[in-house]
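Beneath this line is the structure, given in structure tokens, with notes to follow.
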Amino acid sequence: MLDVAAPRTETPKTADEVAELVADANATGRRLEVVGGGTKRGVGAGVGGDAVISLAALDKVVDYAPEELVLTAQPGVTLAALEKLVAAHGQMLPFEPPRLARLLGTKGHATLGGTLAANLSGPRRLRAGAARDHLLGLSVVTGRGEVVKAGGKVVKNVTGYDLPKLIAGSWGTLAVMTEVTIKVLPAARTEATLLLFGLEGARAGEAMTLALNEPAEVSAAAHLPARTAARAPLKGSMSVTAVRLEGFAASVAARAEHLAQALKGFGRLERLDAEHSRAFWLQVREVEAFARDPRPLWRLSVPPAHGWRLGEALAGDLIYDWGGGLVWLLAESEPAAVRDAARALGGHAAVWRGEGSALAPVEGPLAALNARVKAAFDPNGVLNPGRMGAA
Amino acid sequence: MKMPVPDAAIIARKAEIVRALQRLVPGEGVIGDPAGLIPFQSDGLSAYRQTPLAVVLPETVAQVSAVMAWCQANGVKVVPRGAGTSLSGGALPLTDGVVLGMAKFNRVLEVDLANRCAVVQPGVTNLAISAAVEADGFYYAPDPSSQIACTIGGNVAENSGGVHCLKYGLTTHNVLGCEIVLMSGEVVRLGGKGFDAAGYDLLGVVTGSEGLLGVVTEVTVRLLRKPQTARALLLGFPSVEAAGGAVGDIIAAGVIPAGLEMMDNPAIVAAEAFVHAGYPTECAALLIVELDGPEAECAELSAHVAELARARGATTIRTSASDAERLAFWAGRKAAFPAVGRLTPDYYCMDGTIPRRELPRVLAAIGEMSGRYGLRVANVFHAGDGNLHPLIMYDADKAGELEAAEAFGAEILKLCVAVGGVLTGEHGVGVEKRDLMGEMFSETDLACQQRVKCAFDPDLLLNPGKVFPRLHRCAELGRVHVHRGQTAFPELPRF
């Protein structure tokens, strides 16, 4: 675990102050750890920063035009504050951002900037897209100390390179965000969830794939094997496979009816009303079942229809989200075994919690290309050194 | 439009270059004779023409890689080309460069319905992807108007859109992975069938990079299940303000239509005269609102949208009762460009995006400019996402009219940026809007983008002359010292 107290923490109040700190670090050879709410500080290779830049003071909403579906804010604004604001206008952050502080055993409040930097998205990702898909534009200070803007403040734009996508998911290793513009959408009026019980492995995968391939606009599909479902908060007696429907009431009702028919062959079906559906998906989003467990926590990304095979290849406890495309794994397995299992399915694996935390490595010519991109933004390796591995 | 000064030494080596390419791509894969090069002189932006040095049409990734590596080793520029439908000159050839045509990569390699994706070669047309999965009830969502001809490789290069972007996104939201060949000849895979890739989101930055970063040799696209029902409303309004207000009301009501299009009166009149879609020609503005989903949803929402339109004073409110009627509503909109083409020898299509609330002001300003430049204009508009397509009518045979049309277009785009919008919503920068990039981006912003170019193509051989007003040598960019973001390239002219 990182020693949070040791390095000096700077809390800039303006983009210019951020630029000054980064320029200074370049001049003096210091390395900087960039922190939003600090909830994911332990994820990825340990950052050996000489100082911390906290974006906590850059926490303003700059502009919000609900009718344009666009919101501009500073990166330090908390997700909680932002979701409260957009909810007051009947809107939502479509990518359903998770917080994961409890899962990771960290304090603090997840921020918009941190969520974008890690490209974190919740269960709705399989329908609505990821955090990166909703990042329309940004202002950053690059590792060179330059103030740069890219993208735009409208929902449709192809002017210049899509640097927002590149910076989303770069874990603060390319640039420090100072302002971001995201796309928001009307919130679903209601939701419902259909639950299937006792399905294992292949059968659960089949059920999710079938539901996702129906014209029912399923907005989330997850599977909790029996051992996971037995843990808090569900404390159930058998596995749970769940699909969610969101939208206008008449539409949700029609689609629920359609799906219930389609899933008839999978056994008893239970329907959760909006309130229980929300609670269910909140615990999936936050990976609640795996909070406070000492074992290493893995996050695997694989083609969704094949996700269930990981349960056969690996010993441990698993949660399948995104129809099987996102797999959380608690296991003591050899890291190489987990990475190989993911690779065998055409995916990759990262250690998210515990000693040896590391994001998934990149290999071959692609690794060299990643390194050149890093050098283009941060030639002196000032920002979050080592966090994404070699890059 | 100024292109980079051609390298006379390269042009002088033409015979040798053609021979070398023929060794790499045997058979009929290399075109060097002047007559054979004519079809490649321009793309969809036909006002600009240049004859390429040669055209090479490889059939395998190994050939693409070999051609790129040879060109890099020999300092020869490469211009990638799909179907050549770019509206911004993205595939405009260079007289000292080789056009790398990807038309022979025309196979659907795999349809993987369990993972809701298809793996296709870059020369497959946009529409052919949907056609390949139609029988299974799936489709590929982005639908640029050129979809019958444009290729998926070109769509990735340009991050193409279409009329369904507001609900279903652009190309970038519907591509899961691709394989690209770098200028060095190296082959890299970005993304795949999973949702997240390891490392930086290079797929995200390659998509929409206009052929400047790599040549796409394979694409994995996301497939969607076709909605059960689609229903369209045709709404006529006495003013642009009322139509714009209705669009705002629809979105405020929590409805994100699959399509939300606006046409102004000149566009309505032109379309009606051409296809007789039954448009109310007395209206100042027409909206087409398409809703999709289960029948229950379409029924509820179409009634709601009709109510909102009525409250804004709509004088025409028609809801499609059949798929034939829905398609008839669309017929005029989809024929708007050729319909305007009947009224004028030439027209010039712009592509700025604005915050929707600025629509009345921007349309009024365009009307004023039209009078000032003495050129007629019709406006079609992806109203849901604020993407404007003013069609400026001119006659290229009349001295000065092309230049006037370009100046008119540039003034529109500058206005788009001034009201908080952008230069291009879906057509790309290309050569067309290259010299306007300074309206949106500082020299520091552009230098940052160009350093990404250098990471992929350090010798700047891949599609130069597009996107960037001026390409700086990569070594020069590496030296630039910036202090507190203030002093970038003080020696450079501003555009």
Side-chain angles (χ1 to χ4, degrees), chain A residues 16 19-20 23 67-68 90 125 129 132-133 142 144-150 152-163 165-166 168-170 185-186 189 209 213-215 248 250-251 254-255 301-305 322 325-326 346-348 360-362 365-366 369-370 372-373 376 391, chain B residues 113-116 159 161 165 169 172-173 186 188 192-196 198-201 204-205 207-209 225-228 248 251-252 254 256 293-294 296-297 300 353 355-357 385-387 420-426 428-429 440-441 444-445 448-449 451-452 454-455 482-485:
Chain A
D16 283 348
E20 207 165 313
E67 72 284 4
E68 303 286 343
R125 195 245 168 104
R132 56 89 97 170
D133 294 307
T142 68
R144 294 171 178 267
E146 298 165 328
V147 175
V148 166
K149 68 176 180 308
K153 294 184 174 180
V154 289
V155 296
K156 192 172 177 191
N157 172 31
V158 296
T159 319
Y161 288 158
D162 198 345
L163 299 187
K165 295 248 171 8
L166 187 57
S170 71
L185 282 177
R189 290 292 167 81
T209 299
N213 284 10
E214 283 297 309
F248 292 92
S251 174
R255 286 181 282 140
S301 174
V302 293
W322 301 352
L326 171 68
H348 58 82
V362 184
L366 194 52
L369 184 56
N370 270 266
R372 293 199 297 275
V373 169
Chain B
L113 292 182
N115 285 306
R116 292 165 298 284
N159 190 13
C165 290
T172 190
H173 306 113
E186 287 171 297
V188 295
K193 291 182 181 178
F195 289 96
D196 287 332
Y200 293 129
D201 188 354
V205 78
T207 306
S209 63
R225 186 68 199 255
K226 276 202 291 198
Q228 284 176 314
I251 287 169
I256 299 294
E297 177 172 335
E300 178 183 347
T353 302
R356 272 186 288 96
R357 60 173 172 247
D385 44 33
N387 188 196
V422 298
L423 295 172
T424 171
E426 58 183 356
V429 175
M440 246 181 93
F441 297 115
T444 317
D445 300 338
C448 181
Q449 294 187 32
R451 282 196 196 90
V452 174
C454 291
V482 176
H483 182 60
R484 295 178 193 178

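Protein chains get the first letters and strands the later ones, always in sequence-line order, with residue 1 at the start of each. Excluded from the calculations below are hydrogen atoms, water molecules and symmetry mates; all remaining heavy atoms, backbone and side chain alike, are included.
Both the backbone and the side chain of A:Thr159 come within contact range of chain B, judged by heavy atoms closer than 4.5 Å. Both the backbone and the side chain of A:Ala250 come within less than 4.5 Å of a heavy atom of chain B. Interface remark: A:Leu185 contributes side-chain atoms only to the contact with chain B (heavy atom separation under 4.5 Å). If you measure heavy-atom distances from A:Ser301 to chain B, the contacts under 4.5 Å come from the side chain alone. When heavy atoms are compared at a cutoff of 4.5 Å, B:Asn159 approaches chain A by way of both its backbone and its side chain. Residue B:Glu426 touches chain A through both its backbone and its side chain, counting heavy-atom pairs closer than 4.5 Å. The contact between A:Val302 and chain B is made entirely by backbone atoms, counting heavy-atom distances below 4.5 Å.
Salt bridge status for B:Arg356 with A:Glu67: absent, with no side-chain N to carboxylate O gap under 4.0 Å.
Within the 4.5 Å cutoff, the side chain of A:Val362 has no heavy atoms near those of the B:Tyr200 side chain.
With respect to chain B, the highest number of heavy-atom pairs below 4.5 Å among A:Asn213, A:Leu366, A:Val154 belongs to A:Asn213. Top candidate by heavy-atom pairs under 4.5 Å with chain B, chosen from A:Pro361, A:Ala150, A:Pro215, is A:Pro215.
B:Gly204 approaches A:Arg132 most closely through the heavy-atom pair CA-NH2, 3.6 Å.
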Item to check | Worked verdict on A:Asn157 versus B:Thr353 for side-chain contact (heavy atoms from CB on, under 4.5 Å) | outcome: CA-CA 7 Å; A:Asn157 172 31; B:Thr353 302; 5.7 Å; no
